[in-house]
Amino acid sequence: MDRFDAMQAFARVVETGSFTKAASTLHMSKTSVTQLIQQLEARLRVRLLNRTTRKVNVTADGAAYYERVVRLLAELDDAETSLSSASLAPRGRLRVDVPSPFACMLLIPALPAFYARYPDIQLTLGVSDRIVDIIGENVDCVVRGGEITDQSLIARHIGDLQLGLYAAPGYLQRAGTPAHPRELQDGSHDTLGFLWSRTGNALPYAMRRGEEVIEAQGCPALIVDDGNAYLAAGLADLGILWLPHYMARPHLASGELVGLFEDWQMTPMPMYLAFPANRHVSAKLRVFIDWVVALMAEHVPVPGYPHRL
């Protein structure tokens, strides 16, 4: 039995709650993971996990052992990355999940500079607007808009997205230009809704001008759950949409979108980078986090530039 492999397998089973999921994230067979755990329990002469046909629960001894195993695995990683060559050149694979517009418009165009600086880091990039199971899917970190309330995650504020209302000239020619946000509430105009995975609803947006506050959503002509599809619907003259400035900027410059209600203010959307609280921040993850923070500072400035981890 390779004790390191056995400890890694045990930690992944505890974190995912499943032999099948642990095997998938470790790129091993379920049989191999099961055998490693059995050999580990035999060596320690304690039961670490209680298994049923539906789920796996960690025992009291297993929970205590897990805490030590996580620390030991982190120390082993530190020992490797403390070597001068490893410290100067972080290496390995990172699995990251980000919203589709952020990936397409900000992150991916900047990746050549990241790879030039860190050629030994390989990224597996999940591009979606769904809420992923960070632990269960073995994701190293995620970038998400809106508050993150999951207590099992460490969330780092990396920026604030300024929002505005926009429409395509073709839509405005057909439906007219609204003079007040109230017109979005009474059905005078078609709007586009974004379905938030966290709530399963298309949320209204609060708009303020002086003491006047309006929550505008109306009855959306179309609701989508992907940011790029949402933008495409607006460009196709389907209705008025709410966008972060960085998404709207190139389409304003080209004349494909027109800004509306520019004397009204909207509450910015906070952006967070989150990773599991019980997972060691490796050198490769640390440099990726710092790079994303710098990328946001360049393209989406926020007062009070965040400190390094």
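Predicted model, so just to flag it, every value in this text is computed and none were measured. Residue numbers count from 1 along this sequence.
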Exercise for the section: Please list, chain by chain and in numerical order, all residues satisfying salt bridge (Lys or Arg N to Asp or Glu O under 4.0 Å) with Asp120, sequence neighbours excluded. Expected result: Arg91
Problem - Same apolar cluster (I L V M F W Y, side chains within < 4.5 Å links), Val46/Tyr65 - result: yes
Handout entry: Set of residues satisfying side chain to side chain contact (heavy atoms under 4.5 Å, CB included) with respect to Asp226, sequence neighbours excluded
Key = Ser100, Asp129, Asn228, Ala229
Practice task
For Thr34, enumerate each residue passing the side chain to side chain contact (heavy atoms under 4.5 Å, CB included) test, keeping only those at least two apart in sequence or located in another chain.
Solution key: Phe19, Lys30, Gln38
Exercise for the section: For Tyr230, enumerate each residue passing the side-chain hydrogen bond (donor to acceptor under 3.5 Å, both in side chains) test, keeping only those at least two apart in sequence or located in another chain. Expected result: none
Practice task
Sort and list the pairs that fulfil ring pair (Phe, Tyr, Trp, His ring centres under 6.0 Å) and have at least one residue in residues 92-117, not counting sequence neighbours.
Solution key: Phe114-Tyr118, Phe114-Phe288, Phe114-Trp291
Exercise for the section: Please say whether more than 12 non-hydrogen atoms of neighbouring residues, nucleotides or ligands are located less than 6.0 Å from CZ in Arg68. Expected result: no
Completion exercise
Between Val33 and Met28 the two heavy atoms that sit nearest each other are CG2-CB, 4.2 Å
Exercise for the section: For Thr267, check side chain to side chain contact (heavy atoms under 4.5 Å, CB included) against everything at least two apart and list the hits. Expected result: none
Practice task
Determine which pairs satisfy salt bridge (Lys or Arg N to Asp or Glu O under 4.0 Å) with at least one residue from residues 251-267, sequence neighbours left out, and list them in order.
Solution key: Arg209-Asp263
Fill in the blank from the handout: Those residues at least two apart in sequence (or on a different chain) that pass side-chain hydrogen bond (donor to acceptor under 3.5 Å, both in side chains) with Gln265 are none
Practice task
Report the C-alpha distance between Asp61 and Thr59 in whole Å, list the side-chain angles of each, state the deciding distance to 0.1 Å, and finish with yes or no for side chain to side chain donor-acceptor pair (under 3.5 Å).
Solution key: CA-CA 5 Å; Asp61 287 331; Thr59 66; 5.3 Å; no
Exercise for the section: Taking only Lys NZ, Arg NE, NH1 and NH2, and the carboxylate oxygens of Asp or Glu, determine whether Glu212 and Arg182 approach each other closer than 4.0 Å. Expected result: yes
Exercise for the section: Using side chain to side chain contact (heavy atoms under 4.5 Å, CB included) as the criterion, list what pairs up with Ala175, not counting sequence neighbours. Expected result: Tyr171, His189
Handout entry: Summary of salt bridge (Lys or Arg N to Asp or Glu O under 4.0 Å) pairs that have at least one residue in residues 236-254, sequence neighbours excluded
Key = none
Completion exercise
Sequence neighbours excluded, the answer for side-chain hydrogen bond (donor to acceptor under 3.5 Å, both in side chains) partners of Arg45 is none
Practice task
Could you check whether the rings of His157 and Tyr272 sit parallel, tilted or perpendicular, using 30° and 60° as the cut-offs?
Solution key: tilted
Practice task
Under the side-chain hydrogen bond (donor to acceptor under 3.5 Å, both in side chains) rule, collect the residues that match up with Ser29, sequence neighbours excluded.
Solution key: Ser32
